[in-house]
Amino acid sequence: VTMNPGSRPHVDHSEGRLVAVPDDVVDWLARELPESWFAAVVDGRAIPDGVRESVDTNILLRRLGEAGFVVPDWPAEYGGRNASPEEARIILETLRRFHVPHPDDFVGVNLAGPTLLAWGTDEQRRRFLPAIAQRTKRWCQLFSEPGAGSDLAALTTKARLGDDQVWIVSGQKVWTSLAHNADLGILLARTEPDQPKHLGLSYFVVDMKAQGVDVRPLRQISGESHFCEVFLDEVRIRDDCRVGPRGHGWEVTLTTLMNERVGLSMVPEVHHVTVDRLVAAAMNSGDWSRPVLRDRVLRLLERDRVLGLTNMRAAELRRAGSEGPDGSLLKLAQSVLSRDIAYAAIDVLGVPGMAWSGAEPGDVEATRLAFLYAPAHTIAGGTSEIQRNIIAERLLGLPREPRS
Amino acid sequence: MRKSTSHRQEVFARPVEPHTWLEGIETPAESALRAEVRDFAWTHLESERNAMEEALRCSKYLPLLAERGYLGTLVAPEHGGAGLGLGASVVIAQELGGVVPSLAAMRAVCGNFVAKPLEEFGTAEQIKEYLAPLMRGECTTALAISEPDAGSDVSGLATSAARDGDGWILNGYKHHISGGAESRFMLVYAVTAQNASPSERFTAFLVPTDAPGVDASDEESTMGVRGLSHARVRFDDVRIDDWFRLGDVGEALRIMFFGLAAERIDIAARALGCATRSLEEARAFAAHRNQFGRPIRSFQAVSHKIADMRTRIDAGRLLVLRAARLYDQVLASEGPERASELCNAESSIAKLFCAEQGFWVCDQAMQVFGGRGYEHGSVVEVMFRDSRVFRFGGGTDEIQRHIIQRDEFARLFAARG
């Protein structure tokens with residue numbers, strides 16, 4: 001964020017131009033953030049100690065939703081601000097630079113919302129979208145199964161339609177992020193068992209509190225439990241919660257997956273470990289004088305900036321109507337970069353990154369978690385191998401995988 | 001409906017499947033030992049891996065190792081060891097490391113890192129008091145070197161030992177001391193001549209952990225190798241008799257360097273153990289797991305990973321074997337100190353390669369498993385966490401590179417006269 005002579009904040013544009021942040025965004029920030037917080041960011045200073053902690057994050061996030069800043073490019077009637085993609089980018093970038101907390105509903109904002117905008121009925125959009133924008137409902141994605149990971153269309157969760165126009169769903173999902181905190185889920189199930197696997201699927205919204213939904217958190221490598229296995233035992237879903245045509249759930253799912261890849265490629269940080277923080281940590285540690293480390297960190301910085309520019313270019317293409325597999329390219333690049341940043345961060349930290357008491361400064365804990373999360377970057381949301389297949393076959397037109 | 005998928009402790013590899021690719025290179029005795037240790041580890045320890053992590057302790061299994069001669073492999077039989085040499089020791093380290101990395105680490109500390117200097121530099125009384133029970137697995141020990149300001153650069157050690165009549169008073173603080181909290185005694189390096197050169201500045205002591213002023217109760221919580229403690233140790237006016245001094249005054253650096261080469265080779269072997277097990281799990285899972293109507297091993301993206309993993313492990317095994325054989329040869333003809341000196345570069349090469357590539361292999365194995373391998377308690381998850389420490393424990397990658405390049409230039413300049 002930069003101040004111009006008129007004292008209005010600007011952000012860097014993709015070509016290095018300074019673009020004025022809309023007045024209403026600045027006004028909102030000035031109104032909702034503590035004065036010292038706002039002034040520190042505008043002046044390029046660190047936010048004074050204790051100021052961030054003095055703010056009730058939940059209230060701030062609620063106000064963010066009420067202002068339409070969670071999803072600025074959505075229609076206003078669904079909780080957005082009718083912003084163009086470029087305006088939305090500037091708004092989100094400004095919020096990020098002002099260290100406004102992120103809404104913690106990746107699936108709702110990035111997956112369910114865009115899918116409902118593309119495939120939902122007017123009634124479904126009115127019913128579900130404002131609650132995402134206002135952060136009153138949180139979502140999870142019930143796609144993967146024990147036997148259907150990379151090969152998602154092989155899933156076996158079944159849904160049959162009863163005479164009362166209610167679907168009865170039974171099956172098992174796994175690696176469902178934050179299912180234990182979710183109110184709603186997007187669910188893919190087999191409704192036409194006689195059809196080829198990609199044609200016999202339908203897409204639903206399921207109430208995670210419904211009878212028959214059993215969520216069991218799984219413990220992951222870091223010791224945390226962010227993902228779960230979910231058992232669906234004769235769960236009843238009304239037909240008006242089916243999204244898109246019956247039997248065409250795969251097409252709806254492709255919209256979700258494309259948005260997931262794009263969303264994952266946009267995630268600027270994991271556990272607050274970014275390349276900029278990595279640079280700062282290396283400089284503060286005294287390791288900056290080591291040419292090998294400096295070279296490694298600067299290569300990561302270079303990749304980060306190139307990816308940022310590529311993301312902008314992809315956003316422009318999407319605005320022009322392109323909905324191709326470029327999301328795979330971005331997801332692949334981002335996931336490998338995020339992993340490499342996390343691995344470099346643990347190297348900069350050295351031994352304290354391996355041994356900790358929980359009493360160390362937040363950055364040590366964040367780096368440890370980022371390191372343990374690192375392998376998940378190239379697995380979750382479609383493995384790097386799957387992304388490379390999509391790039392090879394659909395973007396470059398190369399032959400399909402030979403059978404061995 | 002049936003609700004079962006807890007993937008915890010799922011094991012895909014089998015102990016009887018081909019795992020060693022050095023036929024014709026390893027001796028028949030080494031191959032037989034490998035099969036024996038592997039069978040023992042899978043039979044008695046495989047099912048205990050996660051329990052050791054939960055308990056944060058593994059020392060109760062040391063007597064099992066001792067009974068079979070797997071504990072003090074380098075220590076002479078008259079002192080309770082097996083006297084088999086490093087070639088045999090690395091086979092044990094690899095096979096244990098692929099089943100219970102924590103126990104392999106504890107074995108290294110007790111049976112090698114402390115036991116060998118104690119055997120070499122200890123008095124008859126010290127050997128009787130400490131080495132004998134150590135070799136029976138009746139007690140454990142720890143190596144207390146690292147301090148907040150002395151890691152790669154040991155010359156920065158600040159823990160001091162001051163003369164007090166016929167004894168010493170120790171003061172200082174050590175951290176990252178593996179096995180420290182459960183140890184009966186520690187091998188402690190302390191400054192005894194602050195103004196002397198580093199080679200004469202330090203003295204080694206065997207410090208009983210129940211001595212007044214020793215506090216090893218502050219345990220660090222670590223990312224990996226969680227089956228033993230990693231302690232912060234305080235020494236507050238700890239008074240010990242001169243009897244507890246190991247070696248001569250000012251001789252600690254010599255004691256430290258005496259064991260370094262064997263230590264690095266042992267670490268390389270344990271890194272290979274984690275990597276080999278990760279490969280075995282990934283190989284079995286890739287043959288078992290079907291996606292898109294066929295086993296995922298039939299996809300080149302997966303099968304080529306398996307090929308790359310094996311290639312790197314094979315290379316690592318050869319480097320470890322070379323270093324261990326060289327060490328044993330010099331050990332037999334010129335003694336342990338000279339063995340460490342002449343194996344300096346070879347041991348660093350083995351450690352650097354196995355630590356870096358071992359972690360890479362574990363990372364790739366998790367990628368083959370996908371979400372299933374990311375779950376806490378899965379074998380590849382344990383190996384991933386446990387293999388990271390090898391890249392700095394016993395000397396960082398960067399220090400190994402420094403040693404290797406120094407050796408390389410020394411050879412060049414020696415040849416040029």
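Every value quoted in this text rests on a predicted model; they were computed, and no experiment measured them. Letters A, B, ... mirror the listed sequences (proteins, then strands); counts begin at 1.
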Colleague: Just by modelled atom types, is the A:G147 backbone N or O under 3.5 Å from a matching donor or acceptor in the B:Q291 side chain?
Modeller: yes
Colleague: Which bit of A:N389 is near chain B, if near means a heavy-atom gap under 4.5 Å: side chain, backbone, both or neither?
Modeller: neither
Colleague: May I ask you to decide if the ring planes of A:Y343 and B:F359 are parallel, tilted or perpendicular, using 30° and 60° as cut-offs?
Modeller: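 Aromatic pair A:Y343/B:F359 classed perpendicular.
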Colleague: Checking B:H402 now: which residues fulfil ring-ring contact (aromatic ring centres under 6.0 Å, His included) with it, not counting sequence neighbours?
Modeller: none
Colleague: Does atom CZ of A:R236 have more than 12 heavy-atom neighbours from other groups under 6.0 Å away?
Modeller: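 No, CZ of A:R236 has 12 or fewer neighbouring heavy atoms, counting only those of other groups under 6.0 Å.
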Colleague: Do the side chains of B:R401 and A:V292 get nearer than 4.5 Å, heavy atoms only?
Modeller: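 Of all side-chain heavy-atom pairs linking B:R401 with A:V292, none is under 4.5 Å.
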Colleague: Checking heavy atoms, do the side chain of B:F369, its backbone, both or neither come under 4.5 Å from chain A?
Modeller: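 The answer is neither part of B:F369.
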Colleague: Taking all non-hydrogen atoms of both residues into account, name the closest pair between B:E375 and A:F227 and its distance.
Modeller: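 Heavy atoms of B:E375 and A:F227 come nearest at CG-CE1, 4.1 Å.
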Colleague: Hey, what do you get for CG (A:D151) to CG (B:N290), rounding to the nearest 0.5 Å?
Modeller: 9.5 Å
Colleague: Go through A:S144, A:S222, A:A376 and name the one with the most non-hydrogen pairs under 4.5 angstrom from chain B.
Modeller: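 Answer, by heavy-atom pair count under 4.5 Å with chain B: A:A376.
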Colleague: Would you please say whether a donor-acceptor pair under 3.5 Å links the side chains of B:Q367 and A:E385?
Modeller: yes
Colleague: Going through the distances and angles, do B:E398 and A:L293 end up as a side chain to side chain contact (heavy atoms under 4.5 Å, CB included)?
Modeller: CA-CA 10 Å; B:E398 292 74 16; A:L293 184 97; over 6 Å; no
Colleague: Is B:E53 salt-bridged to A:R219, cutoff N-O under 4.0 Å?
Modeller: no
Colleague: Considering all heavy atoms of both residues, which atom of A:P375 and which atom of B:D363 are nearest to each other, and what is their separation?
Modeller: CB-OD1, 4.4 Å
Colleague: Can you find a pair of side-chain heavy atoms, one from A:D347 and one from B:R391, that are under 4.5 Å apart?
Modeller: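 Sidechains of B:R391 and A:D347: in contact.
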Colleague: Can you tell me how far apart CE (B:M223) and CZ (A:F371) are? Round to the nearest 0.5 Å.
Modeller: 5.0 Å
Colleague: Return the set of residues passing ring-ring contact (aromatic ring centres under 6.0 Å, His included) with B:F113 (not counting sequence neighbours), or none when no residue passes.
Modeller: none
Colleague: So which heavy atom on A:K197 is nearest to which on B:F292, and how close?
Modeller: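 Closest heavy-atom pair between A:K197 and B:F292: NZ-CA, 4.0 Å.
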Colleague: Which one, A:A148, A:A153, A:G223, A:A374, leads in non-hydrogen pairs under 4.5 Å with chain B?
Modeller: A:A148
Colleague: Relative to chain B, which segment of A:R290 carries a heavy atom at a distance below 4.5 Å: side chain, backbone, both, or neither?
Modeller: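 Side chain of A:R290 only, per the 4.5 Å heavy-atom cut-off to chain B.
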Colleague: Minimum heavy-atom separation for A:Y373 to B:Y374, with atom names?
Modeller: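 For A:Y373 and B:Y374, the tightest heavy-atom pair comes out as CA-OH, 3.1 Å.
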Colleague: For the side chain of A:Q220 and the backbone of B:H376, is there at least one donor-acceptor N/O pair under 3.5 Å apart?
Modeller: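 The answer is no, because no donor-acceptor pair under 3.5 Å joins these two groups.
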Colleague: Provide the closest heavy-atom pair for A:I379 versus B:M366 in the form atom of the first, atom of the second, distance.
Modeller: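 Closest approach of A:I379 to B:M366: CD1-O, 3.8 Å.
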Colleague: Take a 6.0 Å sphere around CG of B:D149 and say whether it holds more than 12 heavy atoms from other residues, nucleotides or ligands.
Modeller: no
